[in-house]
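Contents: one structure, followed by commentary.
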Amino acid sequence: LSTLQVVDGDVVIADTTALQSVAGLEVLQTIGGTLYLARNAALGNLRALAHLEQLSRLTVVDNDALIDVAGFSQVEKLHDLLVVDNLHLRFMSGLKNLRSVEQHVILVANDELADVGALRSLRRIGGHLVVIDHAALQDVSGLAGLSEVGGEIFVVNNQVLAASTLMQVVVNLRRTD
């Protein structure tokens with residue numbers, strides 16, 4: 001896999017207990033479908049994906065050792081972004097250059113995620129914005145650059161989220177339905 005640059009379909013890395021990184025995918029530049037990372041108990045490092053430029057969907061679900069969604073800094077556009085139930089996820093630094101999501105941004109139950117500052121370049125979401133059940137989420141001002149959300153906005157059950165940071169986001173939005 002160390003010479004793999006393009007995958008036309010999906011890349012699924014799931015249900016592993018010992019995999020700690022995605023080393024070996026360092027030259028991967030394009031995934032035509034979904035990168036699906038799910039239920040990988042020891043996966044803690046995604047930095048090998050730093051050369052990934054194009055990706056349709058990013059799904060990161062139930063990777064308990066993952067602390068940072070790093071390695072996607074060249075990706076500017078996604079079809080969907082789903083980050084759910086990653087017990088120790090604190091950062092999403094690899095998404096710092098993401099500008100547009102055609103459909104939905106779904107962030108749910110990432111217990112240690114305290115802010116979404118890495119999404120400060122995000123300007124447009126074509127579908128729903130969902131931010132639900134984050135025990136440590138204090139700040140969503142990283143979404144203040146959003147000017148357009150085409151669907152519903154759900155910000156629910158984020159126990160320590162200050163309403164004032166949510167208002168910083170809402171004031172710039174316009175609906176496009």
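FYI, the numbering just counts along the sequence from 1.
V108 is listed as a side-chain neighbour of I106, based on a closest heavy-atom distance under 4.5 Å. At least one side-chain heavy atom of V60 sits less than 4.5 Å from a side-chain heavy atom of N86. Looking at L122 and V101, their side chains come closer than 4.5 Å, going by heavy atoms from C-beta outward. Looking at heavy atoms from C-beta onward, V69 lies out of side-chain contact with F91 at the 4.5 angstrom threshold. Looking at T59 and L35, their side chains never come closer than 4.5 Å, going by heavy atoms from C-beta outward. Side-chain contact between L107 and L119: present, with at least one pair of heavy atoms (C-beta onward) separated by less than 4.5 Å. The shortest side-chain heavy-atom distance between L37 and V61 does not fall under the 4.5 Å cut-off. Side-chain atoms of N45 and L43, non-hydrogen and from C-beta on, never get closer than 4.5 Å to each other.
One hydrophobic cluster, built from ILVMFWY side chains closer than 4.5 Å, holds both L89 and V75.
When every heavy atom of H134 is checked against every heavy atom of A109, the shortest pair comes out as NE2-N, 3.7 Å. Here the closest non-hydrogen pair linking L46 and V22 is CA-CG2, 3.9 Å. L78 and L55 make their closest contact through CD2-O, 3.4 Å (heavy atoms, listed as atom of the first residue, atom of the second, distance).
Taking a cutoff of 4.0 Å between a charged side-chain nitrogen and a carboxylate oxygen, E76 and R99 do not qualify as a salt bridge. A salt bridge links K77 and E102; the closest N-O separation between the charged side-chain nitrogens and carboxylate oxygens is under 4.0 Å.
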Given R90 and L113, is the side-chain contact (heavy atoms from CB on, under 4.5 Å) satisfied, shown in steps? CA-CA 4 Å; R90 291 187 196 122; L113 186 64; 5.8 Å; no
Where do N158 and I132 land on the side-chain contact (heavy atoms from CB on, under 4.5 Å) test, with the steps shown first? CA-CA 6 Å; N158 300 291; I132 297 177; 5.5 Å; no
Check the pair T34 / V11 against side-chain contact (heavy atoms from CB on, under 4.5 Å), numbers first and verdict last. CA-CA 6 Å; T34 300; V11 173; over 6 Å; no
Hey, mind stepping through L137 and V131 against side-chain contact (heavy atoms from CB on, under 4.5 Å) and telling me if it holds? CA-CA 10 Å; L137 187 63; V131 182; 3.5 Å; yes
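Side-chain atoms of H79 and Q103 form no donor-acceptor pair, as typed in the model, at a separation below 3.5 Å. Defined by atom type and a distance below 3.5 Å, a donor-acceptor pair is present between the side-chain atoms of S93 and D68. For T16 and N40, the side-chain atoms include at least one donor-acceptor pair closer than 3.5 Å.
Note on ring orientation: taking the six-membered ring where Trp is involved, the planes of H104 and H128 are parallel (angle under 30°, cut-offs 30° and 60°).
Summarising the local packing, CD of E53 is surrounded by more than 12 heavy atoms from other residues, nucleotides or ligands at distances under 6.0 Å.
Between atom CG of residue L25 and atom NE2 of residue H51 there is a gap of 11.5 Å, rounded to the nearest 0.5 Å. In this structure, D133 CG and N157 CG are separated by 4.5 Å, a value rounded to the nearest 0.5 Å.
Scored by the salt bridge (charged side-chain N to carboxylate O under 4.0 Å, His left out) test, D15 finds R39 as partners (sequence neighbours excluded).
Checking side-chain atoms of D10 against main-chain N and O of Y36 turns up no donor-acceptor pair under 3.5 Å.
Screening E148, R123, R124 for a side chain to side chain contact (heavy atoms under 4.5 Å, CB included) involving S100 leaves a single residue, R124.
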